2 protein chains.
Amino acid sequence: MEKIPTIKEIAKRLKVSPSTVSRALHGHPSIGLVTTMRVNKVASELNYERNQTAVFFKQRKTLTIGVIVPDFSDAFFSSALSGIEDYASKRNYNVFIGQSLENPDKEKRILETMKTHRLDGIIISISKNTTNYEVFEQLKKYNIPVVFFDRIPGMEDIHYSVCNLQSGMLQAIDCLIEKGHRSIGLINGPSQLAASKERLDAYKQGLDKYQIAVNTDLIVSSDLSSAQNTYAMRRLLSLADKPTAIITFNDYVARDAIKLLKNYNLAPNHDISFVSFANSPIWSFMDSAPMASIEQFPQKQGIKAAEILFKIIDDRISEASLTPVFHHAVFDSSMVSHRGRTNV
Amino acid sequence: MEKIPTIKEIAKRLKVSPSTVSRALHGHPSIGLVTTMRVNKVASELNYERNQTAVFFKQRKTLTIGVIVPDFSDAFFSSALSGIEDYASKRNYNVFIGQSLENPDKEKRILETMKTHRLDGIIISISKNTTNYEVFEQLKKYNIPVVFFDRIPGMEDIHYSVCNLQSGMLQAIDCLIEKGHRSIGLINGPSQLAASKERLDAYKQGLDKYQIAVNTDLIVSSDLSSAQNTYAMRRLLSLADKPTAIITFNDYVARDAIKLLKNYNLAPNHDISFVSFANSPIWSFMDSAPMASIEQFPQKQGIKAAEILFKIIDDRISEASLTPVFHHAVFDSSMVSHRGRTNV
DNA sequence: TTGTACGCGTTATCAG
DNA sequence: CTGATAACGCGTACAA
C-alpha cells in the first residue's frame, strides 16, 4: 500500500512552501513560470491528485447534489435521474442518490444524511406517504436548497418543477369530442392523491366546456393495482349506457382496461377509445395501444429541476439575496397520439 | 443565514473543552453522566449536527461507494442501481452515481472524479467501447476496490459479478429439442461483444449435445438496431429451410423479429417458436411474447456486486491481506417460460 | 473524569 | 514573486 502523495510531499521535495505548490497547481499568476513547471513536473511524477475531501472541508462546498426518488427501478424516475445526472455532470457536479421506497422514515433518514454531508442542494420527488415536512424546514436553516419535482409537498414557499396535467386532459377531451364522443368515462387513481384530484377537476372542466353534464357513473377509481384496475373497468362495461371513450389514470391502468375489453371481444379504439397518461415506452411494444397517451416528460422535469437548483446555487454565490425568490416550473403535459402505431 | 453550530460552539457555551463535547456526543464511557447530559441538551438546543465532511477528511473514509453504468434510463441498470442502493443504505453507506452514456472518455472522467473524492469503493458496468483499462490500475494504487458487474473488462485479477449466459442457452435448447425442434436459428449480437461469443459458444454446445450439426445459414447477427434486427430476421425467413425455432440475442431483437413474422402472417410460437434473453418487463405488456426469455437478474447481479464490495471493505479493516483474493460471482441465467401469458 | 495539543490536506491572508 | 501562518471541524493520544 503506497501512500498517497500530498501537496506537502511535493513541497518538501522541492524545498518550497506548500502554499507555493498549491498556487502553482492552480496556475495562480503570481507564481513564476519556472516554479510552476517544476511543481507540475514533480506532481505528475508522484501521480499527485488533490484530496477532494480536504477541499470540501475547507471550502464548505461539496460540489455535490442529492437526488431522492421513491424507486429508481421505475422508468419514470430513472429517466429523470438520467437527465439530472447529465445536467449536473456538465456543471462538474456530482450526484448522490437515495430511494425512499415510499417509506417516509427512510426518506427522512436519507435527507438527514444528505444534510450532514453538507450537500450543495437536493432534488426530490417525495414518497406518496410523506406528510411531515419538518425536515425540509431544517434543510432551509442549513441553507441547503431543495427543489421538488413531480411529487411535491403541500407547502408554501418551495421551489419545484412539475407537469401540469390539466392541459393534457383538456386536449384529450377536445380530441375525443371532436371525434364525436359524448360519453367519456374516467378511471381515476385513489382520491387521496393530488394527481387524482387534478385529473378529475380537469375532466369536469373539459366536459363543462362542451356543456356536457358530468355523469358520476362514468367516474370510477382504482388504487392502481391490477385487480382494482380491472374491477373499475368492469364497472364501466356493466353500465347500461357504456362510455364510448375512456380516459385512464395512467398507462398501466389502460393496459389492464384494454386487456379486459378484449376479453369482452370488443376492440380498443374501435368500440371504445382510450386515452391514458404517462406515455410510457410500453406502447411501442404493444399490439393494442390506446389512441393516445398524455406525456409527462420525466426527463424534462428532472432537467428543469436541476436548472432551478443550479440557478439557486449560482445566485447564492453572487449575492445574499434579501428577498427570497421561489422558482416554479410548470410545463404542460401534452397528448401524444398513438394511432399510427396501433394495429387495431 | 444562521451559522451552523459546531462542537466548539457547544464547548464554549458549556465552558468545557471541545474534546469533552466530542466524546460526550459519542457516548464515550470516560465522560461523566452529568456532563454527557448537559452536552446533549445544548447540542439538541442548537440543533447541532456533525459536519460529515470534516469527519471524512479526518478519517480518510467517506462511507460512500460509487456506481457507474452506461445509462440509468435503461431498465436493466436502474434495476441494478435500485438493488445496490438498498444494500448500501442498509450498511449506512451512501451512493454516488455516474453514467458513461457508452462514452469511454466520460467514463474515465467519472472514475477520476470518484478517485479524487476518495470513495470507499466502486461498482461499475463498463461502457461497451471501453478498451483502455489504465484507470482501473490507478484505482488499485489508490486502494479503491472496484467490482465489475455484467459488463466486465478483459483484465486479470478483478472482482466481478456476472451472469452466466451458457446455462440459459443450454436450457433453451434442451427445451426446444424436447418440443421436437431440430432447426434452431440464432439472431446474435455484434461479434465484438463478449456476450455474443458466449451465446454462440453455448448455442453450438447445445446443438452438439444432440448431435445436430451447426448450420451457419441459421446464424445471423445484428448490431441490435431495429433495422438490422428486422433484416436479420428477414434473412432467416428467406431460407428454403426456415428454422422452426429462433433464439434471439435479447428481448428487443425478439420484439422486432416477432413483428416481422406477423407481417408474414405467421404466428409466433406456433409457426416459429421464440426464446430470447433478458426477460425484460416488456412482455407483460405484449400480446405476443416469445415462448420464453432467459432471465439475467440485474438486481441480483447488482446486489451481489455490492456484497463483494462490502466484503472487501470489511476485510480491509480487519487485516491488511497479504495475498490478494479476487471475488467472482457467476450465477446462472435461467429460462423463464412465458407460455401461460401469451395469447397466441 | 477532563483538558491540551496536534494532525488530517488545502487554501486565504498577510507579510516579506 | 514567495513564504509563513492560521484556519476549516473533528477525533484522539497524552497529560493532568
Side-chain angles (χ1 to χ4, degrees), chain A residues 1-40 42-43 46-63 113 115-120 142-143 317, chain B residues 1-40 42-43 46-63 113 115-120 142-143 317:
Chain A
M1 170 160 175
E2 316 175 28
K3 75 174 178 206
I4 296 166
T6 69
I7 280 190
K8 281 184 185 168
E9 179 64 25
I10 298 175
K12 204 185 292 172
R13 299 218 184 188
L14 286 168
K15 296 194 172 66
V16 296
S17 86
S19 40
T20 304
V21 176
S22 173
R23 285 183 281 224
L25 255 19
H26 287 266
H28 193 288
S30 78
I31 300 293
L33 189 58
V34 242
T35 317
T36 304
M37 286 192 5
R38 292 204 316 146
V39 167
N40 283 328
V42 176
L46 292 180
N47 272 313
Y48 166 78
E49 222 149 322
R50 79 162 176 280
N51 184 341
Q52 198 65 32
T53 65
V55 179
F56 289 163
F57 170 52
K58 174 123 188 73
Q59 320 234 311
R60 292 120 166 285
K61 285 210 72 195
T62 53
L63 293 180
T113 309
K115 188 172 49 168
T116 63
H117 281 229
R118 306 285 199 263
L119 296 200
D120 290 352
Y142 272 72
N143 232 10
I317 293 168
Chain B
M1 169 161 176
E2 316 177 27
K3 72 175 182 205
I4 296 166
T6 68
I7 280 189
K8 279 183 187 168
E9 180 62 26
I10 297 175
K12 204 186 293 171
R13 300 219 182 187
L14 286 168
K15 297 196 172 64
V16 296
S17 86
S19 50
T20 304
V21 177
S22 173
R23 285 182 282 224
L25 290 171
H26 287 263
H28 195 285
S30 78
I31 300 294
L33 189 58
V34 241
T35 318
T36 304
M37 288 194 3
R38 292 204 315 146
V39 167
N40 283 329
V42 175
L46 293 180
N47 273 314
Y48 168 78
E49 222 149 319
R50 78 160 177 279
N51 183 342
Q52 198 65 33
T53 64
V55 179
F56 288 162
F57 171 52
K58 175 130 186 63
Q59 321 233 309
R60 292 123 165 284
K61 285 210 71 194
T62 53
L63 294 180
T113 308
K115 188 173 48 168
T116 63
H117 282 229
R118 306 286 200 263
L119 296 199
D120 291 352
Y142 272 72
N143 232 9
I317 293 168

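Please read all numbers here as calculations on a predicted model, not as lab measurements. Quick note on labels: first sequence line is chain A, next is B, and so on, each numbered from 1.
Of all the heavy atoms in A:T113 and A:T116, the pair that sits closest is O-OG1, 2.9 Å. Minimum heavy-atom separation, B:R118 to B:Y142: NH1-CE2, 3.7 Å.
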*Could you go through the side chain to side chain contact (heavy atoms under 4.5 Å, CB included) check for B:L46 and B:R13 one step at a time?*
CA-CA 11 Å; B:L46 293 180; B:R13 300 219 182 187; 3.5 Å; yes

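If you take CG of A:N51 and P of C:dG7, they are 18 Å apart, rounded to a whole angstrom. One atom, CG of A:L25, and another, P of C:dT11, lie 8 Å apart when rounded to the nearest Å. Between B:I31 atom CD1 and C:dT2 atom P there is a gap of 5 Å when expressed in whole angstrom units. For B:K12 and C:dG3, the NZ to P distance is 16 Å, given to the nearest whole Å. Going from atom CD1 of B:I4 over to atom C1' of D:dG9 covers 11 Å, rounded to whole Å. Per the geometry, CD1 belonging to A:I10 stands 11 Å off P belonging to C:dT11, to the nearest Å. Taking atom CD1 on B:I7 and atom P on D:dT12, their separation rounds to 11 Å, with Å as the unit. The distance from atom NE2 of B:H117 to atom C1' of C:dG9 is 15 Å, rounded to the nearest whole Å.
Stacking is not found between A:F57 and the pyrimidine-like six-membered ring of the C:dT10 base under the 5.5 Å centre-distance and 30° plane-angle cut-offs.
When each of B:A54 and B:T20 is assigned the nucleotide of DNA chain D with its nearest heavy atom, B:A54 is the one assigned upstream, toward the 5' end. Looking at which nucleotide of DNA chain C each of B:K58 and B:T36 is closest to, the 5′-most match is held by B:T36.
The side chain of A:T35 sits closest to D:dT2 out of C:dT10, D:dT2, C:dT1. Distances were taken from every side-chain heavy atom of B:V16 (C-beta onward) to each of C:dG9, C:dG3, D:dG11; the shortest belongs to C:dG3. Distances from the side chain of B:Q59 to the nucleotides C:dT1, D:dA7, D:dT12 place D:dT12 closest. Side-chain proximity of A:K8 to D:dC8, C:dG9, C:dT11: nearest is C:dG9. Comparing atom distances between the A:S30 side chain and each of D:dT2, D:dG11, C:dT2 picks out D:dT2 as nearest. Closest contact between the side chain of A:R60 and the listed nucleotides D:dG9, C:dT11, D:dC10 involves D:dG9.
Here B:Y48 reaches the OP1 or OP2 of D:dC10: one of its side-chain N or O atoms lies under 4.0 Å away. Applying the 4.0 Å criterion to OP1 and OP2 of C:dT2, one finds that B:S17 has every side-chain N and O outside that range.
Counting distance only, with no hydrogens placed and no angle test, the side-chain atoms of B:S19 and the base atoms of C:dA5 include no donor-acceptor pair under 3.5 Å. Put simply, the side chain of B:R23 and the base of C:dG3 share a donor and an acceptor less than 3.5 Å apart. A donor-acceptor contact under 3.5 Å is not formed by the side chain of B:R118 with the base of C:dG9.
Judged by distance alone, the side chains of B:S17 and B:T20 do bring a donor and an acceptor atom under 3.5 Å apart.
Checking side-chain atoms of A:S22 against main-chain N and O of A:P18 turns up no donor-acceptor pair under 3.5 Å.
Taking the side chain as every heavy atom from C-beta outward, B:T53 and A:T53 never approach each other to under 4.5 Å.
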